There are 2 protein chains.
Amino acid sequence: MAENKPKNIRTQEIMDAAMQVFVKKGFTDTSMSDIMNQTGLSKGAIYHHYQNKKDLFLSLIDHWQNTHFPDFHQYDDKSLSSSQIFQKFSNEVSEKFRENPAVFLAELEFWSMANRDEEVRIKVKKLYGDILNLFENIIKRGIDSGEFKQLDPKVSALSIMTAIQGIIWFTLFESNSFKGEKYLKYVMDFIIHGFLKK
Amino acid sequence: MAENKPKNIRTQEIMDAAMQVFVKKGFTDTSMSDIMNQTGLSKGAIYHHYQNKKDLFLSLIDHWQNTHFPDFHQYDDKSLSSSQIFQKFSNEVSEKFRENPAVFLAELEFWSMANRDEEVRIKVKKLYGDILNLFENIIKRGIDSGEFKQLDPKVSALSIMTAIQGIIWFTLFESNSFKGEKYLKYVMDFIIHGFLKK
DNA sequence: TAATAAAGACCGACCAGTCGGTATAAGTTA
DNA sequence: TAACTTATACCGACTGGTCGGTCTTTATTA
């Protein structure tokens with residue numbers, strides 16, 4: 001029998017295990033027994049910590065945001081220009097990608113589920129809403145300071161986001177992960193260059 | 001009993017019906033009886049035309065490419081500049097999006113399945129390989145003619161593709177589909193402008 | 001052209017197996 | 001011992017796939 005552990009420790013373990021399986025097999029094809037095997041726990045233990053499979057999945061979205069997403073506050077640094085902030089962000093994404101490409105596959109699963117389930121959609125929409133807000137503010141700051149030309153902040157923010165999402169393509173279709181980083185750098189430079197005032 | 005129809009007609013019907021259900025519920029959550037209901041056919045009829053559920057799904061990828069993807073040959077038109085071709089392509093995507101946003105959700109399902117199944121991955125990889133080749137050639141032509149600056153054709157093609165994919169975001173999270181078209185136009189103009197020689 | 005034969009399309013009851021979830025018991029710890 | 005955590009036996013709903021057989025259309029032949 002597995003050692004008893006405090007709730008917060010155990011749930012972290014379950015989250016990490018569930019992430020692996022969900023990313024690999026998708027929500028529906030992942031059975032609770034898959035998660036049991038991955039954690040080494042029993043069915044009863046899992047259901048003790050989570051009401052049901054969907055509850056577990058919804059928790060996973062929070063877990064992803066907390067674990068894998070860059071800390072927002074570090075981008076409030078006023079000493080950096082808007083271009084520099086985007087570059088910094090891009091570098092962090094590259095690093096995440098090199099360490100663990102599966103992080104981005106999780107997003108794919110989130111999007112796919114968002115298309116099927118209202119609750120998931122709301123939660124994922126909020127997740128990306130947060131990101132877009134961050135980008136938008138950085139862009140606005142760049143415009144106000146005279147660094148960027150007169151852009152549409154909302155659409156520009158979205159362009160950056162979708163450009164970054166493009167890296168998922170490499171995780172799926174390209175074995176050599178180096179190229180993903182090259183893509184990201186190239187695209188980011190291209191966009192920022194287009195943002196800058198002449 | 002349903003009227004007997006020639007194979008090619010019937011399979012088209014099944015494909016259209018299956019597309020709707022798969023996009024809405026995803027592969028695993030779609031049962032064969034869902035497809036039965038959507039077509040009005042019996043289980044035996046479906047299995048008469050397709051070996052199994054996965055065979056049906058794989059056929060759907062071909063069907064999508066044939067039905068919803070712009071005809072490649074029209075882009076061989078040498079009288080158009082590379083910029084004009086991309087603009088034309090972008091307009092067609094916009095039109096598709098206005099008519100039926102679910103077309104793009106199908107891609108999401110393809111990607112998601114590509115992550116889980118080797119056969120699907122190979123097929124989807126080829127699909128996007130075709131698209132990327134088309135883009136790459138147009139870009140190369142633009143460079144050779146002096147219209148575009150010295151770009152990396154492969155990465156540039158990928159940038160355009162991922163930018164277009166970004167429209168999926170609107171299908172998922174935004175009710176007002178008009179905005180998707182605005183996004184696409186904005187991004188496409190931005191990219192092309194960046195491609196052009198000064 | 002009429003009768004017959006072959007092919008193709010379609011039907012639905014049925015099977016073996018899987019899954020999410022529940023109820024309850026057993027182990028652990030403070 | 002009381003509270004918490006983990007284990008196990010079990011259930012009902014549902015799924016993909018099979019199969020014997022029927023109905024329709026097309027081809028052949030007399």
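In what follows, chains are A, B, ... by sequence order, proteins preceding strands, each numbered from 1. Because the structure is a prediction, the values reported are computed rather than measured.
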Item to check | Pair K140(A) + E136(A): basic N to acidic O under 4.0 Å | outcome: yes
Item to check | Check against side chain to side chain donor-acceptor pair (under 3.5 Å), D34(B) and S31(B) | outcome: CA-CA 5 Å; D34(B) 286 331; S31(B) 67; 3.3 Å; yes
Next on the checklist: Working to the nearest 0.5 angstrom, can you tell me the gap between L41(A) CG and Y47(A) OH?
Outcome noted: 14.0 Å
Checklist outcome for this item: Atom CE of M32(A) and atom P of dT6(D) are separated, to the nearest Å, by 14 Å
Checklist entry - Distance from L158(B) atom CG to W169(A) atom CH2, nearest 0.5 Å? => result 5.5 Å
Item to check | Spacing of M188(B) atom CE and S94(B) atom OG [to the nearest 0.5 Å] | outcome: 9.5 Å
Item to check | Those residues of residues 42-63 of chain B lying under 4.0 Å from DNA chain D by at least one heavy atom | outcome: K43(B), Y47(B), N52(B), K53(B)
Item to check | M36(B) CE to dT15(D) C1', straight-line distance once rounded to whole Å | outcome: 12 Å
Checklist entry - Over how many whole Å does the gap from K25(B) atom NZ to dT15(D) atom C1' extend? => result 12 Å
Next on the checklist: Below 4.0 Å from chain B heavy atoms, what is the first contacting nucleotide of DNA chain C and what is the last?
Outcome noted: dG8(C) to dA13(C)
Checklist entry - What residue among D130(B), D117(B), D62(B), D55(B) forms salt bridge (Lys or Arg N to Asp or Glu O under 4.0 Å) with K123(B)? => result D62(B)
Item to check | Pair F195(B) and F190(A), ring centroids less than 6.0 Å apart | outcome: yes
Next on the checklist: Just the rounded figure in Å: distance from P of dT15(D) to CG of N37(B).
Outcome noted: 11 Å
Next on the checklist: Under 4.0 Å, counting only non-hydrogen atoms across every strand here, what does T39(B) touch: a base, just sugar-phosphate, or nothing?
Outcome noted: nothing
Checklist entry - Looking across every strand, which nucleic acid part, if any, lies under 4.0 Å from T11(B) by heavy atom: base, sugar-phosphate, or nothing? => result nothing
Checklist entry - Are the charged groups of R121(A) and E118(A) less than 4.0 angstrom apart, N to O? => result yes
